[in-house]
Enquirer: 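Have a look at this one.
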2 protein chains.
Amino acid sequence: MRRSSAETKAVILAAARERFAADGYDKATIRAIAADARIDPAMVMRYFGTKEKLFAAAAEFDLELPALAPDQAGAGLVRHFLRKWEADEGLQVLLRTGVTNEAAAERMRTIFAGQVMPLVIDLTGDPERAPVRASLIASQVLGLALSRYILKFPPMVAATEEELIAWLSPTVQRYLTE
Amino acid sequence: MRRSSAETKAVILAAARERFAADGYDKATIRAIAADARIDPAMVMRYFGTKEKLFAAAAEFDLELPALAPDQAGAGLVRHFLRKWEADEGLQVLLRTGVTNEAAAERMRTIFAGQVMPLVIDLTGDPERAPVRASLIASQVLGLALSRYILKFPPMVAATEEELIAWLSPTVQRYLTE
DNA sequence: ATTGTAGGCCAACACCTGTTGACTTCCTAC
DNA sequence: GTAGGAAGTCAACAGGTGTTGGCCTACAAT
């Protein structure tokens, strides 16, 4: 079959996202990604040059945090994060690989420093303690993703979105305001 | 050099723990572990049979949760977990590998189901909601480990044990009692 | 109809992995 | 002092990895 350059590149990228999200950096082999994309492994190299560069492209990600009313920020953040996780594979990619791959960990750090921290400053007007607050929020929210989507603790998997929001939003709210 | 069988086995196991904790399952190669133990890779196979069995031995782990007064359980749990993490590589091994290795994830699940949940039942006397409570606690506590020790968010790394306990214990306490 | 080019495929490379079996060396029990 | 066995070494295997270069093949412009 014959495709345009842009098309194949997109197909490869989509396959790479899935594989990296499901298997992590090492287990997601170029050959497996190529097979998913129904393409020769050499094409992956032609379009992305290197496995690391392909990963960098697949890990491109924006939290897209919305503006929030300060008194509902806790619930808003938890809800947004849950939906983002399920809609965008980028976060899964970063969490699965960030644990054993320093480059992905660094990316995670810059995302939280560049996107979560500013929001916290904006919400609290307290730049001095914003870093701690933001990391505490990150710790709870990433712990949620870890236990629900990665380690799959049964009670976390069984819980509904609303139940999780009810449990977690007071925590996040307290990390913001206390 | 000539050692007893038990000695070498212990040396190998110690090296394996370190490597698995630092690198995760795939990157921790038998050759690297053997080099750390100043031993031929074949010895590792002789003593443990298989990489998977070696991993199983290295991931042997007990949370050793202490008895706690119900009203101070939050602080007690956070403190115990922080110290356990730094004293025993077993937890690091499990978290680093559990993210990409199903066997390690299963081990993590049974540890939390078999050790955290009973404690929660004991503390609350409420068997029905104990699973949710226990997983919520696990989510916060694992999120702490993830952001402080694995992803190394700077504010979490900089925080002292007491600061972290002060921030997290109300969260854990609420997951226990609310 | 011919040619240039871009998309795609194949086979191979050098390297690394877990794992195996044969070989050597040392200590101990008789 | 010699036999047996345990501790340790070495070289190789089969399979998988990222990556490369040469080769086709379809299409568009001339």
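From a predicted model like this one, the values you see are computed outputs, not experimental measurements. Every chain is numbered from 1, with letters handed out A, B, ... down the list of sequences.
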Enquirer: How long is the line joining CG of A:D40 and P of D:dT25, in whole Å?
Expert: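 Going from CG in A:D40 over to P in D:dT25 covers 15 Å.
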Enquirer: Atom CG in B:L151, atom CZ in A:R109: separation rounded to 0.5 Å?
Expert: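 Going from the CG atom of B:L151 to the CZ atom of A:R109 covers 7.5 Å.
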Enquirer: Distance check: side-chain N/O of A:S5 vs OP1/OP2 of C:dA6, anything under 4.0 Å?
Expert: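 Checking A:S5 against C:dA6: no side-chain N or O falls below 4.0 Å of OP1 or OP2.
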Enquirer: Keeping the roles fixed (side chain from A:R96, backbone from B:V99), state whether a donor-acceptor pair exists under 3.5 Å.
Expert: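 Such a contact is found between A:R96 side chain and B:V99 backbone.
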Enquirer: Return the value, rounded to whole Å, for the distance between atom NZ of B:K53 and atom P of C:dT19.
Expert: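 These atoms are roughly 10 Å apart.
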Enquirer: Give a yes or no on this: more than 12 heavy atoms of other residues, nucleotides or ligands lie within 6.0 Å of atom CD of B:E161.
Expert: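 Yes.
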Enquirer: Could you state the atom-to-atom distance from NZ of A:K27 to C1' of D:dG18 in whole Å?
Expert: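 Roughly 19 Å, once rounded to whole Å.
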Enquirer: What's the closest nucleotide to the B:K51 side chain, out of C:dG18, D:dG8, C:dG7?
Expert: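 Nearest listed nucleotide: C:dG18.
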Enquirer: Please evaluate the base of D:dG16 for a donor-acceptor partner in the side chain of A:R31 within a cut-off of under 3.5 Å?
Expert: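 For A:R31, whose side chain was compared with the base of D:dG16, there is no donor-acceptor pair (under 3.5 Å).
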Enquirer: What is the separation between atom CZ on A:R19 and atom P on D:dT17, rounded to the nearest whole Å?
Expert: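 Atom-to-atom, A:R19 to D:dT17, this comes out as 10 Å.
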Enquirer: Scan B:Y47 against the nucleic acid and name what it touches under 4.0 Å (heavy atoms): base, sugar-phosphate only, or nothing.
Expert: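 Sugar-phosphate, no base atom in range.
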Enquirer: Give a yes/no answer on whether the side chain of A:T50 brings an N or O atom under 4.0 Å of OP1 or OP2 in D:dT19.
Expert: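 For A:T50, the contact criterion (side-chain N or O under 4.0 Å from OP1 or OP2 of D:dT19) is met.
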Enquirer: Need to verify one output field. Residue with the more 5' nearest nucleotide on DNA chain C, A:M43 or B:D26?
Expert: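 The 5'-side residue here is A:M43.
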Enquirer: With DNA chain D as reference, determine whether A:R46 or A:A28 sits nearer its 5' end, using the nearest nucleotide of each.
Expert: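 Taking each residue's closest nucleotide, the earlier one in sequence belongs to A:A28.
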Enquirer: Expressed in angstrom and rounded to an integer, what is the separation of A:I39 atom CD1 from C:dG8 atom C1'?
Expert: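 Distance, rounded to whole Å: 8 Å.
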Enquirer: Can you tell me the distance, in whole Å, between the CZ atom of A:R3 and the C1' atom of D:dC27?
Expert: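 Answer to the nearest Å: 16 Å.
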Enquirer: Less than 4.0 Å between a side-chain N and a carboxylate O, is that true for A:E106 and B:K152?
Expert: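 Salt bridge absent between B:K152 and A:E106.
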Enquirer: Just say parallel, tilted or perpendicular for the rings of A:Y175 and B:W167, cut-offs at 30° and 60°.
Expert: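 Ring orientation, 0 to 90° scale: perpendicular.
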Enquirer: Just the rounded figure in Å: distance from P of C:dC9 to CD1 of A:I30.
Expert: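 After rounding, the gap between these two atoms is 15 Å.
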Enquirer: Can you measure A:M45 atom CE to C:dG7 atom C1' for me and round it to whole angstrom units?
Expert: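 To the nearest whole Å, that distance equals 17 Å.
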Enquirer: Given D:dG8, is OP1 or OP2 found less than 4.0 Å from the side-chain N or O atoms of B:T8?
Expert: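 For B:T8, the contact criterion (side-chain N or O under 4.0 Å from OP1 or OP2 of D:dG8) is met.
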